[in-house]
Number of protein chains: 2
Amino acid sequence: MAITIKDVAQKAGVSVATVSRVVNQKDIHKVGLKTQQRIEKILKELGYYPNTMARGLKTRKTYNIGVVFFWYEKPSLSDYYLTRVLDGIISFISEKKYNILMNTFSRNIQNEGVYANFVNSGLVDGVLAIAPPVESRFFQDLKQGSLPYVLINYQVNDPNVCFVDCLNTQGIIDVVDHLLSLGHKRIGFIAGDIQYSKNSLDRFNAFKYILKKRGMAFHDDNVYFGNWTEQAGTKAVEAFWKTKHPPTAIIASNDIMALGAIKQLRKQGLRVPQDVAVCGFDDISSDMTLTTVHQPAFDMGHEAAKMLWSQIEKRPLDYTHRFFPTKLVVRESCGYYLKNSQDQKTKS
Amino acid sequence: MAITIKDVAQKAGVSVATVSRVVNQKDIHKVGLKTQQRIEKILKELGYYPNTMARGLKTRKTYNIGVVFFWYEKPSLSDYYLTRVLDGIISFISEKKYNILMNTFSRNIQNEGVYANFVNSGLVDGVLAIAPPVESRFFQDLKQGSLPYVLINYQVNDPNVCFVDCLNTQGIIDVVDHLLSLGHKRIGFIAGDIQYSKNSLDRFNAFKYILKKRGMAFHDDNVYFGNWTEQAGTKAVEAFWKTKHPPTAIIASNDIMALGAIKQLRKQGLRVPQDVAVCGFDDISSDMTLTTVHQPAFDMGHEAAKMLWSQIEKRPLDYTHRFFPTKLVVRESCGYYLKNSQDQKTKS
DNA sequence: GCAACTTATTATATAGTGAAATTAAACCTC
DNA sequence: GAGGTTTAATTTCACTATATAATAAGTTGC
C-alpha cells in the first residue's frame with residue numbers, strides 16, 4: 001500500500017490538514033516553522049506522493065488535458081501533419097506541467113456515449129480536438145458538456161467557441177494560381193472525404209471558387225473524392241486517366257494522396273513533373289520533391305494549447321479564433337512551364 | 001454541477017448502491033428487473049456519467065496507461081521512429097479501452113521527484129517507457145514503485161523486468177558487412193549519445209565488435225559522438241574531413257544523423273553514394289533513398305503495450321523479454337561497388 | 001391451518017478511498 | 001480575556017464494496 005497523508009500525519013504527530021498545507025504550500029502561514037520542517041523531513045523519509053484521484057475528486061482539477069484525434073482505417077500518427085500538431089501541443093502543455101491524455105476515435109463509427117463519457121468523466125480539465133468529424137456526435141457532446149475545449153482545423157460560426165485553423169482557401173488559391181501561371185488549363189483535384197472532414201470541404205470549395213473566378217471551367221470527372229490515404233491517390237489517377245481528358249496537373253488535398261498519385265503516375269509511365277504536375281497540401285516533409293501548401297501545424301498546436309490553457313486557468317483570452325496563413329512551397333513536382341498540354345518543355 | 005450517482009438514486013427512489021450495480025453491471029442479479037429498467041431509463045434521462053476520480057479512488061483502477069518518452073533539446077515526436085512506436089501502442093491500447101497518458105521528460109535534466117510523482121500518484125495503471133536514459137533516476141523510481149511497467153528499446157538483465165528491444169547488434173553487423181562487401185576499408189561511425197542512450201551504446205559496441213571480428217582496424221578519429229540530431233550528422237562529417245583519412249562510408253546510429261551527414265557531404269562537394277556511402281538506422285522512411293536498418297517500431301510498441309496490459313490485468317505473460325529482428329534495407333545511398341578507395345566505379 | 005423456520009431474492013445502510021476545505025478548538029502573548 | 005497564531009476535528013467530494021436488513025415465497029412442525 002502506498003503512503004497516504006494519514007501516515008505522514010500520524011508519524012509527525014499532527015493532523016492531516018497540517019500536512020496538506022505543507023504539501024501544497026497553501027495557507028502555509030497557518031503552520032509553524034518547526035512543524036513545517038519536521039513534516040517536510042518526514043515527507044521525504046516516507047516518500048509520500050499525493051494521490052491524484054483523491055485530490056482530483058476534491059479539487060475538481062486534474063492537470064490533464066485531453067487530446068483527441070480521429071482515424072479512418074486504424075489509429076495512426078505517422079502519416080500525418082498530426083505529429084507536428086502534437087509537438088506544438090506538447091511543447092506548450094508540458095511546460096505548464098499538464099499531462100496529455102490521448103484518445104482516439106473512429107471517424108466513421110459514432111460510438112454513442114463514449115465521447116460523452118470522455119468529456120464528462122472529470123478525467124480532464126479541457127479538450128483539444130484535432131480535425132473532428134463534421135456534424136459528429138462528439139462535437140455535440142463537447143458543446144453540451146461544461147469542459148473548456150478548442151478545435152483544431154475546424155471552424156465554427158459561434159464566436160464563443162475557440163478554434164484554430166489555417167487559411168485553407170488562400171492555400172488552394174495560391175497553388176491553383178501557381179499551376180495556372182505555369183500554363184495548365186486542366187487541373188485535377190483529389191479531395192479528402194467531404195462528408196466528415198471540414199478541411200476537405202473547405203479546400204474543395206476553394207478550388208471550385210478560384211477556378212470560376214479565374215474564368216476556368218470546372219470538370220466533374222477531374223475530381224476524385226478520397227479518404228486521405230495513399231491508396232486514394234493511386235485510385236484517383238486511375239480514375240482520371242480513364243476519362244477522355246486527363247488533367248495536366250493534379251492538386252491533392254493532402255500530401256499523402258499526392259504521393260500516392262505520383263506513384264501511380266510513374267507506374268503508368270508518366271513523368272512527374274514533365275508530363276503531369278502534382279501538388280499536395282500540409283508539407284509533411286517526408287518527400288523533399290513535392291510542391292505543397294505548408295500548414296504551420298506546430299504553431300497551430302501550440303496556439304490551441306495556449307487557448308485551452310487560458311480557458312482552464314481563467315486567464316484573459318485575446319481571441320477565440322485564430323487563423324494561420326499557409327505558404328506555397330514550390331519544389332520539383334510541378335516545376336515546369338507548360339506551353340500547351342501536348343508539347344511540354346522545361347524551363348531553363 | 002454534474003449529475004452524480006446520488007441524483008440518480010434520489011430520482012429513482014433507490015439507494016446509490018443499486019444504481020452503482022446497474023451502472024457497472026456488477027452483481028446485477030441482486031437488482032430486480034423492473035428496478036433495473038427504471039434506473040437505466042433515468043440514467044439516460046439525466047445524462048449521468050460516473051466520475052472517474054471518485055471511481056478510481058475507490059477501485060484503484062484508472063484505465064490510463066502512462067507513456068513516457070525523453071527529449072534532448074525540446075520534446076518532439078516528429079524526428080523519430082517514435083511515432084511508429086506510438087502507433088503500435090495506440091493500436092493495442094485503444095482496443096482495450098485504455099487511455100494513454102503521455103508524459104515527456106528531458107534526457108539531461110534529472111527532475112528529482114517528478115518521475116516518482118508520476119509513478120506513484122495513482123494516475124496510471126502502468127507505464128511504458130520509450131528508450132529511457134541509462135542509469136536514470138526515472139528508472140530507479142519505476143523500480144521502486146509498485147506499478148507494472150515495460151521498457152522499450154532498453155535491455156535489462158533482471159528476468160522479472162519486462163522489455164522489448166530490437167537486435168541492435170545484428171543490425172549493425174548487417175550494415176557493416178554490406179559495406180565491406182562493397183569494398184569499403186574505412187568506415188566512419190556516428191554514434192548517438194553513449195552517455196544516456198542504451199541503444200546508442202549497443203550499436204557502437206556492435207560496430208567495434210564486428211570490425212575486430214572481420215579483421216578490420218578501428219580508428220578513433222572515424223568515430224563521432226552526436227546526440228541524434230541532424231546537426232550532429234553535419235558536425236560529424238566536418239570532423240571526419242578534417243582528419244588525414246576520411247572514411248569512404250559512414251554509418252549513422254539513426255536516420256536523422258545520416259540525413260544530416262548527407263546534407264553536409266553534398267555541401268562539401270562530395271557525391272553520395274559515388275564518393276561516400278551513407279547508411280542510417282531506424283528506417284524512418286522520410287527519405288526513400290537512404291540505406292538503413294529497419295526497426296519494426298510499430299510491432300515493438302504493440303508488443304510492449306500487450307505485455308503491460310497482461311501485467312495490469314494479471315493475465316499470464318508468455319515472456320518478459322522480446323527481441324525483434326532488424327532488416328537491412330538497401331537503397332541508393334550506398335549502392336555502389338568500390339574497387340579501391342581512390343578509384344570508384346559504379347556497378348552496372 | 002398457522003406460526004416458525006428456511007431460503008433466495010432484492011434493497012439499504014454503512015464503511016471506506018485520500019485529500020482538501022471548513023469549522024472548531026487549543027495555545028500563546030500581552 | 002482579547003487577539004492572534006497554530007493545530008485538530010469534521011465534513012465533503014463521488015463512488016464502490018460489504019454487510020445487513022427487508023421482503024417474499026415456500027416448507028415444515030405441531
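The chains referred to below are lettered A, B, ... by the order of the sequence lines, with proteins before strands, and numbering in each begins at 1. Keep in mind the model is a prediction, meaning the values are calculated, not measured.
Taking NZ from Lys41(B) and CD from Glu45(B), the interatomic distance works out to 5.5 Å, rounded to the nearest 0.5 Å.
Using a distance-only test at 3.5 Å, with no hydrogens or angles considered, no donor-acceptor pair links the side chain of Ser20(B) to the main chain of Val16(B).
The number of heavy-atom neighbours closer than 6.0 Å to NZ of Lys96(B), taken from other residues, nucleotides and ligands shown, is above 12. Other residues, nucleotides and ligands contribute at most 12 non-hydrogen atoms within 6.0 Å of the CD atom of Gln10(A). Crowding of Gln140(B) atom CD: a count of heavy atoms from other residues, nucleotides or ligands under 6.0 Å exceeding 12.
For Lys58(A) and dT12(D), a side-chain-to-base donor-acceptor distance below 3.5 Å is present, hydrogens and geometry of angles not being considered.
Phe118(B) is linked by a ring-ring contact (aromatic ring centres under 6.0 Å, His included) to nothing, counting only residues two or more places apart in sequence or in another chain. With sequence neighbours left out, the ring-ring contact (aromatic ring centres under 6.0 Å, His included) criterion links Tyr48(B) to no other residue. Among residues two or more places apart in sequence or in another chain, the ring-ring contact (aromatic ring centres under 6.0 Å, His included) test is passed with Tyr154(A) by Phe139(A). Remark: Tyr98(B) engages Lys61(B), Glu313(B) in a side chain to side chain donor-acceptor pair (under 3.5 Å) (not counting sequence neighbours).
With rounding to whole Å, Ile3(B) atom CD1 is found 16 Å from dC13(D) atom C1'. Protein atom CD1 of Ile28(B) is 15 Å distant from nucleotide atom P of dT9(C), rounded to whole Å. Computed from coordinates, the Lys30(B) NZ to dA19(D) P distance equals 10 Å when rounded to whole Å. When the C1' atom of dA19(C) is taken as reference, atom CG of Asn120(B) falls 16 Å away, rounded to whole Å. The distance from atom CD of Gln36(B) to atom P of dT9(C) is 15 Å, rounded to the nearest whole Å. Between the P atom of dT10(C) and the NE2 atom of His29(B) lies a distance of 9 Å, rounded to the nearest Å. Across the protein-nucleic acid pair, Asn117(A) atom CG and dA14(D) atom P stand 16 Å apart, rounded to whole Å.
A side-chain hydrogen bond (donor to acceptor under 3.5 Å, both in side chains) check over residues 297-310 of chain A, counting only residues at least two apart or in different chains, returns the pairs Glu303(A)-Arg322(A). Among residue pairs with one or both ends in residues 30-39 of chain A, none qualify as side-chain hydrogen bond (donor to acceptor under 3.5 Å, both in side chains); sequence neighbours excluded.
Residues Asn120(B) and Asp141(B) fail the side-chain proximity criterion, which asks for heavy atoms closer than 4.5 Å. Contact annotation: the side chain of Ile100(B) approaches that of Ile89(B) to within less than 4.5 Å [non-hydrogen atoms, C-beta and beyond].
Across every non-hydrogen atom of Ile312(A) and Pro148(A), the tightest pair is CG1-CG, 3.9 Å.
Each of Tyr149(A), Phe323(A), Tyr319(A) was checked for a ring-ring contact (aromatic ring centres under 6.0 Å, His included) with Phe163(A), and the lone residue meeting it is Phe323(A).
Considering only side-chain N and O atoms, Arg60(A) lies under 4.0 angstrom from the phosphate OP1 or OP2 of dA14(D). The side chain of Thr35(B) places an N or O atom within less than 4.0 Å of a non-bridging phosphate oxygen (OP1 or OP2) of dA11(C).
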Output a table of nitrogen or oxygen pairs between the protein and nucleotides 26-30 of chain C separated by less than 3.5 Å.
none

In a table with atom names and distances, give each donor-acceptor pair under 3.5 Å that connects a side chain of residues 62-71 of chain A to protein atoms at least two apart or in another chain.
{"unit_1": "Thr62(A)", "atom_1": "OG1", "unit_2": "Asn64(A)", "atom_2": "N", "d": "3.1"}
{"unit_1": "Thr62(A)", "atom_1": "OG1", "unit_2": "Leu123(A)", "atom_2": "O", "d": "3.2"}
{"unit_1": "Thr62(A)", "atom_1": "OG1", "unit_2": "Asp125(A)", "atom_2": "OD1", "d": "2.9"}
{"unit_1": "Trp71(A)", "atom_1": "NE1", "unit_2": "Thr104(A)", "atom_2": "OG1", "d": "2.8"}
{"unit_1": "Trp71(A)", "atom_1": "NE1", "unit_2": "Phe105(A)", "atom_2": "O", "d": "3.3"}

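Here the side chain of Arg55(A) is nearest to one of dA14(D), dA20(C), dA11(C), namely dA20(C). Checked against dA19(C), dC15(D), dC13(D), the side chain of Ala54(B) finds its nearest nucleotide in dC15(D).
Non-hydrogen atoms lying under 4.0 Å from DNA chain C are contributed by Tyr48(A), Tyr49(A), Pro50(A), Asn51(A), all within residues 43-53 of chain A. Taking a 4.0 Å limit (strictly below) on heavy-atom distances, residues 16-27 of chain B reaches DNA chain C at Ala17(B), Thr18(B), Arg21(B). Contacts between residues 5-15 of chain B and DNA chain D, counted as heavy-atom distances below 4.0 Å, involve Ile5(B).
Using a 4.0 Å cut-off between a side-chain N of Lys or Arg and a carboxylate O of Asp or Glu, Asp7(A) and Lys11(A) do not qualify as a salt bridge.
In the helix from dG1(C)-dC30(D) to dC30(C)-dG1(D), the rotation axis of the first five pairs and that of the last five pairs differ in direction by 80°, rounded to 10 degrees.
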